[in-house]
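Read through the structure below, which is laid out as structure tokens, and then see the notes.
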Amino acid sequence: MRRAFTLVEVIVAITIAGIIALAVRAALVAGMDTEERLQRHTTTSEGDARFRSLLTDALRHMTDSPVPGLAPFAVRDTVVDGRPGQTAEFYSRGLGFPAGTGAILRIIVAASSGGLTITALHTDGGVVLRGVAPSLAAMNVRAKTPAGLWLEVWPQTLQVPVAVTLAFATQSTDASSGAIPPLVVSTRLEDPQ
């Protein structure tokens, strides 16, 4: 004779199946969230790396101003979204290919509400390039004089600094985001240290 399942056995089986289904669902959701966070991190990291590379090329090939009497490098204090930082303006040949052979462009690196931006302008004011690093909120600039002094405020002189270092602040206030190493670029044939 066949024995049927009791109501208690059916309820226990349904409860166990439900617990297993919930555990599987939680694992799938956690996996998808991890994949999404990893993709966002990868995209941000790649964008920041391209931004740093572009900025490095522009700084490495800094040149004198094409307009006599204008300072080739300037740093101004700014505040964007309540964060203090600095804006750097300079002239460069570093955005052509190969680097250092392009037209002289006016480069402006500044904080904006969307992140740190780099803008390259022709001498007539036309925009050649605009890039944004959304994960970066601000930067602090220091420039090295030929005498070897690091200055946070560059005097309005007609000379290009020997080296420039940029320290970045991130948009995230999360302490686990990690520190971004400063960018140190030699603008003359000399060791930036």
Side-chain angles (χ1 to χ4, degrees), residues 1-60 75-88 92 94-99 105 107-121 127-142 152 163-186 192-193:
M1 176 161 124
R2 277 180 71 175
R3 183 176 166 253
F5 294 109
T6 65
L7 181 59
V8 172
E9 291 173 328
V10 170
I11 290 173
V12 168
I14 290 173
T15 302
I16 291 172
I19 290 171
I20 291 171
L22 285 174
V24 168
R25 181 185 179 279
L28 286 173
V29 168
M32 289 188 306
D33 287 347
T34 300
E35 182 181 351
E36 185 179 313
R37 280 195 315 267
L38 183 60
Q39 182 64 37
R40 261 194 321 246
H41 175 72
T42 301
T43 301
T44 300
S45 295
E46 289 173 355
D48 287 351
R50 284 191 298 272
F51 184 86
R52 287 174 69 98
S53 175
L54 184 66
L55 189 53
T56 299
D57 285 344
L59 284 167
R60 187 167 287 136
V75 178
R76 290 189 318 275
D77 291 332
T78 59
V79 176
V80 175
D81 294 337
R83 280 187 191 229
Q86 293 178 312
T87 296
S92 176
L95 299 182
F97 182 77
L105 301 173
I107 310 294
I108 303 169
V109 185
S112 68
S113 58
L116 201 59
T117 62
I118 182 170
T119 306
L121 304 166
V127 176
V128 175
L129 172 116
R130 182 172 169 85
V132 178
S135 65
L136 302 178
M139 68 175 181
N140 288 319
V141 182
R142 288 188 324 140
E152 292 186 15
V164 175
T165 182
L166 305 173
F168 301 106
T170 62
Q171 292 280 13
S172 170
T173 56
D174 180 14
S176 68
S177 65
I180 297 174
L183 182 64
V184 180
V185 179
S186 201
Q193 304 301 330

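The OG1 atom of Thr117 lies 6.5 Å from the CZ atom of Phe51; values are rounded to the nearest 0.5 Å. Interatomic distance, Ile107 CD1 to Leu59 CG, rounded to the nearest 0.5 Å: 9.0 Å. The distance from the CD1 atom of Ile108 to the OG1 atom of Thr87 is 8.5 Å, given to the nearest 0.5 Å. In this structure, Arg40 CZ and Glu36 CD are separated by 5.0 Å, a value rounded to the nearest 0.5 Å. Atom-to-atom distance recorded for Thr119:OG1 and Leu105:CG is 11.5 Å, nearest 0.5 angstrom. We find the CZ-OG distance between Arg130 and Ser112 to be 6.0 Å, quoted to the nearest 0.5 Å.
Of the options Val184, Val75, Thr165, a side chain to side chain contact (heavy atoms under 4.5 Å, CB included) to Arg142 is made by Thr165 and by none of the others.
A 4.5 Å side-chain heavy-atom check between Val141 and Val109 finds every atom pair outside the cut-off. Taking 4.5 Å as the limit, some side-chain heavy atom of Met139 sits within range of a side-chain heavy atom of Leu116. Leu121 places none of its side-chain heavy atoms less than 4.5 Å from the side chain of Val128.
The shortest non-hydrogen separation linking Ala111 to Ala137 is CB-O, 3.1 Å. Listed here is the closest heavy atom pair of Arg52 and Pro182: NH2-O, 3.6 Å. For Ala138 against Gly85, the heavy-atom pair with the smallest separation is CB-CA, 4.2 Å.
Here the side chain of Ser53 pairs no donor or acceptor atom with the backbone of Ala49 at under 3.5 angstrom. Using modelled atom types, no side-chain atom of Gln86 and backbone atom of Leu166 make a donor-acceptor pair closer than 3.5 Å.
For CD of Glu35, the number of neighbouring non-hydrogen atoms (other residues, nucleotides, ligands) closer than 6.0 Å is 12 at most.
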